[in-house]
Colleague: 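Structure provided below as structure tokens; questions to follow.
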Number of protein chains: 2
Amino acid sequence: MSSPAPRSQTVKVKDVAREAGVAVGTVSRVLNDHPAVTRELRERVERAMAHLGYEVDVTAQSMRAGRSRLVACAIRDFDIPRFALFIKEAEAVLREAGYTLLLASTTNRPDVEIALLRAFRRRRVDGVMMTLSDEQHRDVRAALSEAPMPVLLIDRDRIDALDRVTADHRAGARLATSHLLGLGHRRIAMLVGDLKAFPSRSRLEGFRAAYAGAGIEPDPRLLRDDVLSSEHAYRATASLMSLAEPPTALFVAAMDTLGGCLRALRTMGILVGDGISVVAGSDSDLAELYTPPITAIAWDLAAMGRHAATMLLERMRGDEIERGRGLTVPTELIIRGSSRPFAG
Amino acid sequence: MSSPAPRSQTVKVKDVAREAGVAVGTVSRVLNDHPAVTRELRERVERAMAHLGYEVDVTAQSMRAGRSRLVACAIRDFDIPRFALFIKEAEAVLREAGYTLLLASTTNRPDVEIALLRAFRRRRVDGVMMTLSDEQHRDVRAALSEAPMPVLLIDRDRIDALDRVTADHRAGARLATSHLLGLGHRRIAMLVGDLKAFPSRSRLEGFRAAYAGAGIEPDPRLLRDDVLSSEHAYRATASLMSLAEPPTALFVAAMDTLGGCLRALRTMGILVGDGISVVAGSDSDLAELYTPPITAIAWDLAAMGRHAATMLLERMRGDEIERGRGLTVPTELIIRGSSRPFAG
DNA sequence: CGGAGTCAATGAATCGGTTCATTTATGCTT
DNA sequence: AAGCATAAATGAACCGATTCATTGACTCCG
């Protein structure tokens, strides 16, 4: 025999079938809107279900069907305010389609990413959308290629034939940098995240492209990478402004790090706009409402979330779609008062 | 017969058993760290699993065990930056304990809340943490009392014997209001969220308690409730400041609405600090870095997330714990430059 | 009127682990 | 050496819904 955890005796298809005087197969067909059920029987079964308070066991369905109607989303840190928008929209699209969202944080560690992919497999998750800490990581790539379910990359470089949704960070950073160069700045410091990942890499490319377009060379000592949090940004800003030859403009390209930078400037008594020009790599209430308002790069994270979910759904449906589709949402530069002509 | 979706032929316990030359029961016991397996056999089985690349099917485990190792979190809108902190910490604690987080947004609608509770049941979710749009809603209460799994309320009033984690909004609001009254303000406007839910109700209570403590009556025309977004806050602020007798201080008690309020004031050319004192109901980068910095109420959402997950885990474990536990995290008032003496 | 063809409904087999009554092996005691 | 106790391993039954070969009922047509 076998009596697992003292299960509160639940109603099953068998009970419904008995109550309605039909076979279990018929109940199942009613549940799944199978056409070959007479209206009369369908109603009888539905009445029985209502009467008994029946709820199908998705667990059993999943096991039999080999799919779970779960979609996993794993991002490096969902403590990034604007990412919430992405998740919110993705969840809405997925739920509309009958899927439930699993959420996990990778903490930007390859080993966690691999462990999560395994956990998702074990759960028979039907699709995954995720960020990666490092697109080149061998083990992560191996784990991705072994994944039995479709995986969509969030704002990451192309890997094999995986679908991806990205923002045009390169264009945004180029715009921002050109804007500052156009204002006469020559010593522009850049705070950027982890260069192993696409967004930071693209931003740096855009930055360099703008310099190249102007026919000048950026000072490599003014670049700070691996700025992943507000605290990092604080320290990076402080160190930059303490240089013998400090920058005249700051491009705070990493996401959600503007606060740390502004805190450092305030502590050092440097006025934004006058003492130094500032451009933020992502827009926020803070950027908009700061005094002076901060020039910022903006893009539509909600749209990214919707597109990611939609593309993943299409892929899961197994439609005949070309593999490795990429969708890029545009970035724009919102010019505000924090970026001013260099008064050499 | 039956051949469901063309399942990529996966390795099963049976295959592992054959490879290792043992019975399936033994493989299962190895998987579950059952003590009664000799070291030798355990190693043989583990080698076979590694060799075949075996991964257990959590779906099948769940079905047999009647539990899924899933915990659901449903909040009204996870587009609230500070809530991300809650989810982040809760997820970390849950994953540590071997659970996976399901996420859904209720959009603050009772029907969605009820539908989600049903969906969670069908998935055999082991525990739920959620907010409610209205603690008094009959159908929601019925759905909660019928839920077969433990439910923990996030920042909501006591319902039956459900566990709950709350912040002391009443104390925070009282502090904030007393602070303004102490500065000589008598016409304090309050922007608050949905009074059907605990946080807003508590804040209003705190507000009134402070007034009562000072022996005066608040002007009811200065109260704006149902302020649920930044856009609402914009409109509410604009309408308040257009009154014949406008307020001299604004208590923006609703979460994540400070931006809208400040935008309105800026549009109307009213200076924070000089023209009007402002206190925010929740702290943020914006509050800290605005000019002038905004006095704000702060509390530890990360701790709330950790506690929520921990309490729910204890409850799920079925320990003999008193029912209806409540944990309240304290609030504090961070006084900054936006609240100044009333210069009548 | 009989046989072919439709259409509904049936229920046993199945998905992949887990459990437990049973069997087999081992150790200990006298 | 026999008897008993203990421990390890076995494998059939089971969790609950789905599927499909089969049965039964009914229609249509020559």
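It should be emphasised that the depicted structure is a prediction, and the values quoted were computed from it without experimental measurement. Chain letters run A, B, ... following the sequence lines, proteins first, then strands; residues in each count from 1.
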Colleague: In terms of side-chain heavy atoms, does Ser62(B) have a donor or acceptor partner in Arg124(B) at a distance below 3.5 Å?
Modeller: no

Colleague: Over all strands shown, is Thr38(B) touching base, sugar-phosphate only, or nothing at heavy-atom distances under 4.0 angstrom?
Modeller: sugar-phosphate

Colleague: Would you indicate what Val27(A) reaches in the nucleic acid, counting non-hydrogen atoms under 4.0 angstrom: base, sugar-phosphate, or nothing?
Modeller: nothing

Colleague: OP1 or OP2 of dT10(D) less than 4.0 angstrom from a side-chain nitrogen or oxygen of Thr26(B), does that happen here?
Modeller: yes

Colleague: For dG16(D), does OP1 or OP2 lie under 4.0 Å from any side-chain N or O of Tyr54(A)?
Modeller: no

Colleague: Starting at CZ of Arg64(B) and ending at C1' of dT19(C), how long is that distance when rounded to a whole Å?
Modeller: 5 Å

Colleague: Among dT10(D), dG16(C), dG16(D), which nucleotide has an atom closest to any side-chain atom of Ala60(B)?
Modeller: dG16(C)

Colleague: Expressed as a whole number of angstroms, how long is the span from His34(A):NE2 to dA17(D):P?
Modeller: 18 Å

Colleague: Any side-chain heavy atom of Arg315(B) within less than 4.5 Å of one from Met311(B)?
Modeller: no

Colleague: Give a yes or no on whether a donor-acceptor pair under 3.5 Å exists between the nucleobase atoms of dA9(D), that is its base, and the side chain of Arg29(B).
Modeller: yes

Colleague: Is it true that Arg141(A) and Asp160(A) have a side-chain N and a carboxylate O under 4.0 angstrom from each other?
Modeller: yes

Colleague: For a quick test of reading the model: is some side-chain N or O of Gln61(A) closer than 4.0 Å to OP1 or OP2 of dG16(D)?
Modeller: no

Colleague: Check the distance between dA13(C)'s C1' and Met63(A)'s CE and give it to me in whole angstrom.
Modeller: 13 Å

Colleague: In whole Å, I'd like the distance from the CZ atom of Arg121(A) to the P atom of dG16(C).
Modeller: 14 Å

Colleague: What integer distance in Å separates Arg42(A):CZ from dC7(C):C1'?
Modeller: 15 Å

Colleague: Calculate the interatomic distance between Leu52(B) atom CG and dG17(C) atom P; express it in whole Å.
Modeller: 12 Å

Colleague: For residues Val16(A) and Val45(A), determine if any side-chain heavy atom of one lies less than 4.5 Å from a side-chain heavy atom of the other.
Modeller: yes

Colleague: Quick check: do Leu102(B) and Leu102(A) have side-chain heavy atoms less than 4.5 Å from each other?
Modeller: yes

Colleague: Measure the distance from CD on Glu40(A) to C1' on dC7(C) and round it to the nearest whole Å.
Modeller: 15 Å

Colleague: Rounded to the Å, how far apart are Leu31(A) CG and dG16(D) C1'?
Modeller: 11 Å

Colleague: Return the nearest nucleotide to the side chain of Val56(B); candidates are dG17(C), dA8(D), dT10(D).
Modeller: dG17(C)

